[in-house]
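Shown next, in structure tokens, is the structure this report addresses.
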Amino acid sequence: MASSITSKPFLGATKPNSSLSPDLQRLSFSSLRISIKPRTHKKLQIQAAGSTFGNYFRVTTFGESHGGGVGCIVDGCPPRIPLSEADLQGDLDRRRPGQSRITTPRKETDTCRIYSGVSEGVTTGTPIHVLVPNTDQRGHDYKEMSIAYRPSHADATYDMKYGVRAVQGGGRSSARETIGRVASGAIAKKILKLFSGTEVLAYVSQVHQVVLPDGSVDHDTVTLDQIESNIVRCPNPDYAEKMIAAIDAVRTRGNSIGGVVTCIVRNAPRGLGSPVFDKLEAELAKAVMSLPATKGFEFGSGFAGTLLTGSEHNDEFYTDEHGRIRTRTNRSGGIQVVEYPMGKL
């Protein structure tokens with residue numbers, strides 16, 4: 001089922017003025033000549049790019065919220081990696097809508113299908129195509145959006161930039177676009193696990209004014225089971241209940257609130273990222289800030305690091321019992337180091 005679209009002129013655009021007479025289009029004076037030419041529009045003036053992320057492991061997401069389906073193309077996956085749809089489905093099930101009272105009520109199974117790049121259970125090194133069909137399209141819910149812009153959504157932005165937009169669900173700006181990220185992320189996690197034993201976990205550390213205290217979660221030992229033990233995905237049971245209560249309180253009034261997600265990467269390979277514009281922090285910031293509704297990104301101590309002096313913030317090096325160089329603290333968030341003229345942060 002294809003998404004509906006609506007079009008309108010660009011904001012401030014004018015039509016070519018062909019109604020002027022030839023005399024008015026070319027006015028001659030003794031010392032001034034003005035030539036007025038009809039305005040012509042170039043084809044493909046604006047290209048709708050921006051759906052691809054990465055260099056060597058390259059991910060392109062596609063599809064719209066109320067179209068036929070959503071998914072991704074993953075290019076650059078190494079060959080001979082064991083991979084099946086079941087490897088992706090677990091993470092897709094975790095993001096699936098309608099699984100609890102605090103998520104969107106839309107009902108989707110989000111069942112994935114791999115159409116290329118895998119043969120006899122292993123990757124072939126060619127592009128991997130993953131598709132998740134949409135089964136609960138409800139375009140009628142968005143009828144009024146064809147004549148009115150939703151505040152803080154991309155409706156007005158799409159019209160102003162492209163002169164056309166998908167009315168049903170916001171099209172590409174819908175959070176349903178993240179299905180392609182989740183599927184490709186599951187593949188990336190499997191590669192990193194096989195290569196270096198890398199583990200990636202994330203949990204909710206704040207919902208509105210309910211803030212998980214610093215140090216209440218041990219990042220060295222917290223497990224996925226602890227995170228998945230409740231519907232808000234906070235590993236602290238007491239604060240999880242407070243967060244759920246805060247969401248319920250505004251949900252019953254037809255409102256919503258935001259929160260903060262904390263991500264942990266354990267056993268990350270050393271040396272990832274490159275100077276100057278391809279620092280790992282910069283790449284992660286771009287990936288995270290492109291998520292729908294994301295308004296902030298912190299690494300390590302984040303903005304709180306500005307309250308410390310340079311000597312207080314520095315992560316001191318030491319050699320552990322296995323002869324590995326480590327740091328006693330992790331205010332830098334696992335990435336060393338940002339240089340400034342007056343010192344280091």
Side-chain angles (χ1 to χ4, degrees), residues 50-63 65 69-79 81-97 99 103 108-118 122-123 125-132 172-204 219 222-225 227-228 233 260-269 272-273 278 280-294 297 299 333-335:
S51 292
T52 299
F53 178 80
N55 296 312
Y56 302 107
F57 185 88
R58 194 160 50 254
V59 176
T60 300
T61 67
F62 63 84
S65 178
V70 290
C72 64
I73 303 289
V74 178
D75 195 9
C77 180
I81 301 291
L83 186 69
S84 68
E85 288 149 352
D87 292 321
L88 316 182
Q89 197 60 56
D91 283 334
L92 288 171
D93 288 344
R94 294 180 63 226
R95 81 148 300 283
R96 179 174 52 83
Q99 57 183 282
T103 66
E108 294 279 0
T109 61
D110 283 355
T111 303
C112 70
R113 180 85 179 271
I114 298 176
Y115 283 93
S116 67
V118 176
V122 296
T123 58
T126 58
I128 299 172
H129 173 201
V130 182
L131 174 66
V132 172
R172 290 290 290 156
S173 61
S174 166
R176 195 149 179 77
E177 178 271 337
T178 61
I179 282 180
R181 305 181 191 225
V182 172
S184 57
I187 298 172
K189 284 198 304 180
K190 182 155 192 178
I191 296 171
L192 288 170
K193 188 74 172 179
L194 292 171
F195 175 72
S196 56
T198 303
E199 185 179 14
V200 182
L201 296 172
Y203 64 89
V204 175
H219 289 175
V222 65
T223 66
L224 181 61
D225 287 340
I227 296 170
E228 291 291 311
R233 294 193 168 103
V260 176
V261 173
T262 296
C263 182
I264 312 161
V265 180
R266 297 195 284 236
N267 297 320
L272 295 178
D278 295 333
L280 184 57
E281 287 171 308
E283 297 285 6
L284 291 174
K286 181 178 181 179
V288 172
M289 289 300 295
S290 63
L291 288 166
T294 303
F297 178 75
F299 211 92
I335 294 184

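Position 1 is the first residue of the sequence, and the numbers go up from there.
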With rounding to the nearest 0.5 Å, note down the distance linking SG in C112 to CG in L131.
9.5 Å

Considering only heavy atoms from C-beta outward, does the side chain of R172 approach that of T61 to under 4.5 Å?
yes

How about S116 and T126: do any of their side-chain heavy atoms sit closer than 4.5 Å?
no

Can any side-chain N or O of Q99 pair as donor or acceptor with the backbone N or O of D93 at less than 3.5 Å?
yes

Find the distance between CD (E281) and CZ (F297) and round it off to the nearest 0.5 Å.
7.5 Å

Note: S196 and P269 closest approach over all heavy atoms is OG-CG, 3.4 Å

Would you say the side chain of V130 lies within less than 4.5 Å of the side chain of S184, judging by non-hydrogen atoms?
no

Applying the side chain to side chain contact (heavy atoms under 4.5 Å, CB included) criterion to H129, which one of V74, I73, I114 satisfies it?
I73

Straight-line distance of L192 CG to N267 CG, nearest 0.5 Å
11.0 Å

What's the separation between atom CD in E199 and atom NZ in K193, rounded to the nearest 0.5 Å?
5.0 Å

The test is side-chain contact (heavy atoms from CB on, under 4.5 Å); show your working for L83 and L88 and say whether it passes.
CA-CA 9 Å; L83 186 69; L88 316 182; 4.2 Å; yes

Can you tell if the side chain of C263 reaches within under 4.5 Å of the side chain of V200, non-hydrogen atoms only?
yes

Is any side-chain heavy atom of L201 closer than 4.5 Å to a side-chain heavy atom of R266?
yes

Listed by chain and number, what are the ring-ring contact (aromatic ring centres under 6.0 Å, His included) partners of F57, not counting sequence neighbours?
none

Under 3.5 Å side-chain donor-acceptor pair for R96 and T103:
no

Do any N or O atoms from the side chain of D87 and from the backbone of S84 form a donor-acceptor pair under 3.5 angstrom?
yes

Flag the pair E108 / V70 as yes when at least one side-chain heavy-atom distance between them is below 4.5 Å, and no otherwise.
no

Taking all atoms of both residues into account, what is the closest heavy-atom pair of T123 and C77, and its distance?
CG2-SG, 3.8 Å

E283 to F53 - nearest heavy-atom pair and separation
O-CZ, 3.6 Å

Shortest non-hydrogen contact from L194 toward P82
CD1-CD, 4.3 Å

What are the two closest heavy atoms between I191 and P78, and how far apart are they?
CD1-CD, 3.6 Å

Go through the structure and list residues passing ring-ring contact (aromatic ring centres under 6.0 Å, His included) with F195, not counting sequence neighbours.
none

Considering residues at least two apart in sequence or located in another chain, which fulfil the side chain to side chain donor-acceptor pair (under 3.5 Å) criterion with D110?
R95, R176

Closest non-hydrogen atoms of I179 and V132, given as atom of the first, atom of the second and distance, are CG2-CG2, 3.7 Å

Taken to the nearest 0.5 Å, the spacing of L224 CG from Y203 OH works out to 14.0 Å

How about K190 and I187: do any of their side-chain heavy atoms sit closer than 4.5 Å?
no

Measuring from T60:OG1 to D75:CG, what's the distance to the nearest 0.5 Å?
8.0 Å

